[in-house]
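Remember, predicted model here, so these are calculated numbers, not experimental data.
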Amino acid sequence: SVHSSHVDAQNFTWNSVITQGMFHTDKNNIYGESQDDISLDYTELSINGSYNFPYSTRLSGQTIYRHAGSGFDGLNLDYLLLDKTLFQDETHMFGIRLGRQKIPYGMLNDARDISFTRPSIYLPQSIYLDLNGRNSILSLDGVGIHTNHFTDNGIFTTETVYGKSDNHDLDNLTLGLDDADFTLDEVVGLRMSYESSFFIGYTIFYTDSLSLQTTIDLNEYVPFSPAPLPTATASSTLKSLGQIISFKYETRNWSILTEYAVTDFKTDTPTTDIDESTLSMLPPNFMDQVPTVDNDKKKSYYIQIDRRLNTHWTLFTKFDFFNIGLNNNSEDNAIGLNWRPRHNTLITMEYHYIDGAGWLNANENQPTRIPELPKYWNLLALSAAYRF
């Protein structure tokens, strides 16, 4: 299965995975000081557990320590939820989840923090932002409803969640906007899927409370003011609707994994905290120059093909096209090799040739450190994971 699953046990079970990454780039930084050097600033440790109560009720959770370069260092509660099965027979199941839970986003978001369930060292950035706003699509605090319909040929699944998302790392999205700040509040997620010898899914991710606040230096618009003008804040609210189509097909030696996403952005008219006297000094077209994301549609996709050479080695290639807006586009061409010497050990090696800088971490690539973001750059990555 391409989704994470809770371990069926009588009482309590737990698992843990530790991962260490190593990265080298030639023209920028990723996961630490990797430019013309080797960065080891990528460490993950996850511990998850599940306890089964009577009456088809389960408590499950996962805690993750993650150090992934500048701005991503610390302990995080990935999920902690109470899952109650309300109805179940031979062909149907219906349940409810309460607490912090994974957002049903695309095909891989459920288990993206476990190296053994990722198709590569990091997920395709076209769909699963890792260095820009990662936590905003990772999990939410709220309620979820899930259903399964079992047939002789496969399983139909629906998952719906509503709640408040974590947004403390959304500031990295402002790589293309100066002095801007994002906040994300309530979100709704829906995923419908069918899984048999293949997997096909459809995801909707909606929010109507994504606010963009921009700090503006008014002195740039009134250069000959008799006295320095204060800074102003412009605010606008965006509605975003993301849709993802997911597909996976496997044979004995081959597998293909692909997803296509379309995201629609709509914004209201910006408002400012500028007083009337100051506003009268500004140019008539001042508000037209306030940065916004207006009625835009972005398309992103990836395709990955795996070739299993034997029980220990798998070769893969991936093309990843990223277009999330704010002029941050990238194309990632990658080739990699997975080695599993034992069932609990995974070594992954990858080479990436990338056109664009759309998903770079702004904290690690400030102009004072990287004067100009590269158009073309190379990345070598190595990851070692152990589960126990």
Side-chain angles (χ1 to χ4, degrees), residues 1-6 79 83 88 90-95 97 101-114 116-120 122-130 137-140 144-162 187-207 240-264 297-308 314-324 332 334 336 338:
S1 171
V2 294
H3 300 301
S4 63
S5 60
H6 299 294
Y79 63 87
D83 190 344
Q88 185 171 9
E90 293 181 354
T91 58
H92 296 88
M93 190 276 289
F94 173 78
R97 295 170 180 152
Q101 52 200 285
K102 285 298 187 69
I103 298 174
Y105 183 87
M107 185 164 25
L108 304 170
N109 198 53
D110 304 51
R112 65 182 298 169
D113 294 306
I114 307 299
F116 290 85
T117 56
R118 290 197 292 252
S120 52
Y122 55 88
L123 297 183
Q125 296 302 288
S126 56
I127 311 293
Y128 307 95
L129 301 176
D130 194 33
I137 61 173
L138 188 63
S139 57
L140 57 75
I145 296 174
H146 56 101
T147 67
N148 288 331
H149 175 63
F150 304 95
T151 71
D152 293 336
N153 298 317
I155 304 174
F156 291 93
T157 302
T158 64
E159 298 166 274
T160 306
V161 294
Y162 170 80
V187 298
V188 178
L190 167 66
R191 181 174 62 202
M192 299 176 290
S193 63
Y194 174 76
E195 188 169 4
S196 180
S197 57
F198 62 93
F199 174 91
I200 186 167
Y202 173 68
T203 300
I204 299 176
F205 182 76
Y206 175 78
T207 175
S240 66
L241 176 65
Q243 301 179 76
I244 306 173
I245 297 176
S246 310
F247 178 78
K248 182 176 184 179
Y249 179 72
E250 291 185 292
T251 65
R252 180 178 178 181
N253 296 321
W254 293 89
S255 66
I256 181 172
L257 180 70
T258 183
E259 294 186 274
Y260 180 85
V262 177
T263 305
D264 293 281
K297 178 177 289 188
K298 300 302 177 184
K299 301 177 181 179
S300 301
Y301 59 89
Y302 74 90
I303 182 170
Q304 178 168 328
I305 299 175
D306 295 357
R307 174 66 167 93
R308 279 172 288 279
T314 299
L315 179 69
F316 67 87
T317 182
K318 177 174 61 177
F319 176 77
D320 189 14
F321 176 76
F322 172 97
N323 180 8
I324 199 62
D332 182 1
N338 288 330

OH of Tyr162 to CG of Leu140: how many Å apart, nearest 0.5 Å? 10.0 Å
Report the distance from atom OH of Tyr249 to atom OG of Ser197, rounding to the nearest 0.5 Å. 6.0 Å
Given the options His92, Met192, Glu195, His149, Phe156 meets side-chain contact (heavy atoms from CB on, under 4.5 Å) only with His149
Verify the neighbour count for atom CG of Leu241: are there more than 12 heavy atoms of other residues, nucleotides or ligands below 6.0 Å? yes
I want to check something: taking the side chain as every heavy atom from C-beta on, are Phe316 and Asn338 in contact at a cut-off of under 4.5 Å? yes
Nearest heavy-atom neighbours spanning Asp110 and Glu159: OD2-OE2, 4.3 Å
Tell me the closest heavy-atom pair linking Tyr260 and Lys299, and the distance in Å. OH-CD, 3.1 Å
Determine whether Tyr301 and Ile303 make a side-chain contact, defined as any pair of heavy atoms from C-beta on separated by less than 4.5 Å. no
Side chains of Thr147 and Thr158, donor plus acceptor under 3.5 Å: yes
Report the C-alpha distance between Asp320 and Gln125 in whole Å, list the side-chain angles of each, state the deciding distance to 0.1 Å, and finish with yes or no for side chain to side chain contact (heavy atoms under 4.5 Å, CB included). CA-CA 7 Å; Asp320 189 14; Gln125 296 302 288; 4.1 Å; yes
Euclidean distance, Thr258 OG1 relative to Phe319 CZ, rounded to 0.5 Å: 11.0 Å
Spell out, as yes or no, whether a donor-acceptor pair under 3.5 Å connects the side chain of Arg118 to the backbone of Arg112. yes
Separation between NZ of Lys298 and OG1 of Thr263, rounded to the nearest 0.5 Å: 10.0 Å
What is the minimum heavy-atom distance between Thr317 and Ala334, and which atoms define it? OG1-O, 3.2 Å
Quick one: do Glu259 and Thr203 satisfy side chain to side chain contact (heavy atoms under 4.5 Å, CB included)? Show the steps, please. CA-CA 10 Å; Glu259 294 186 274; Thr203 300; 6.0 Å; no
Value for OG1 (Thr117) from CG (Leu123), rounded to nearest 0.5 Å, stands at 8.0 Å
Evaluate side chain to side chain contact (heavy atoms under 4.5 Å, CB included) for Tyr105 paired with Ile127, printing each intermediate quantity in order. CA-CA 9 Å; Tyr105 183 87; Ile127 311 293; 4.0 Å; yes
For the residue pair His146 and Met93, establish whether any side-chain heavy-atom pair is separated by less than 4.5 Å. yes
Salt bridge between Lys102 and Asp113, side-chain N to carboxylate O under 4.0 Å? yes
What is the minimum heavy-atom distance between Ser196 and Gly154, and which atoms define it? CB-CA, 4.1 Å
Where Tyr128 and Ile137 come nearest, the two heavy atoms and their spacing: CA-CD1, 4.2 Å
Could you tell me the separation between the CG atom of Asn109 and the CZ atom of Phe205, rounded to the nearest 0.5 Å? 9.0 Å
Determine, stepwise, if the pair Ile145 / Phe94 fulfils side chain to side chain contact (heavy atoms under 4.5 Å, CB included). CA-CA 8 Å; Ile145 296 174; Phe94 173 78; 3.3 Å; yes
Any side-chain to backbone donor/acceptor pair from Arg308 onto Thr251? Under 3.5 Å, distance only. yes
List the atom of Tyr122, the atom of Ser120, and the distance in Å for their closest heavy-atom pair. O-OG, 2.8 Å
